[in-house]
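Read through the structure below, which is laid out as structure tokens, and then see the notes.
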Amino acid sequence: MTVNHAASLPPEAVPLGMDLCPRCDKRPIKLAGTTVWLCIHCYADEKQLQARRAAASQSFVAANFATPVCMACESNDVDADGYRWWCRNCRAVSRVRRRK
Ligand SMILES: [Zn+2]
Ligand SMILES: [Zn+2]
């Protein structure tokens with residue numbers, strides 16, 4: 001049976017940090033991508049793609065930064081809970097999802 005990891009599900013409804021990312025099957029799910037919940041690596045990949053498309057269409061909005069390596073201090077000691085991404089080293093926080 002396939003577990004439902006639809007991106008529309010709130011963080012409370014997915015086994016956050018426990019189930020593996022459906023895309024890479026390696027790292028735990030942490031953030032909601034466009035269609036499914038992803039790990040921080042795959043989420044960052046997807047966002048970068050979107051940011052590039054947005055930049056090309058001139059409706060560019062600065063993307064939230066939620067990356068496997070902190071863009072501020074280059075530490076990889078980062079984590080996310082579905083709503084926020086944060087760096088444990090420099091305490092940078094990025095809000096990635098609105099609470100309903
Ligand atoms: Zn992944
Ligand atoms: Zn940092």
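Just follow the structure's listing: the first ligand is 1, and inside any ligand the first atom is 1.
- The distance cut-off of 2.8 Å around the Zn ion (ligand 2) captures these protein N, O or S atoms, sorted by chain and number: C70 SG, C73 SG, C87 SG, C90 SG.
- Between T34 and E46, the closest side-chain pair of non-hydrogen atoms falls below 4.5 Å.
- Between T67 atom OG1 and Q48 atom CD the span is 8.0 Å, to the nearest 0.5 Å.
- At a threshold of 4.5 Å between non-hydrogen side-chain atoms, the residues H5 and P15 count as touching.
- At least one N/O/S atom of C42, from backbone or side chain, sits under 2.8 Å from the Zn ion (ligand 1).
- Nearest heavy-atom pair across L20 and D25 is CD1-O, 3.5 Å.
- The number of heavy-atom neighbours closer than 6.0 Å to CD of E74, taken from other residues, nucleotides and ligands shown, is 12 or below.
- Salt bridge K30/D81: absent, no basic N to carboxylate O contact under 4.0 Å.
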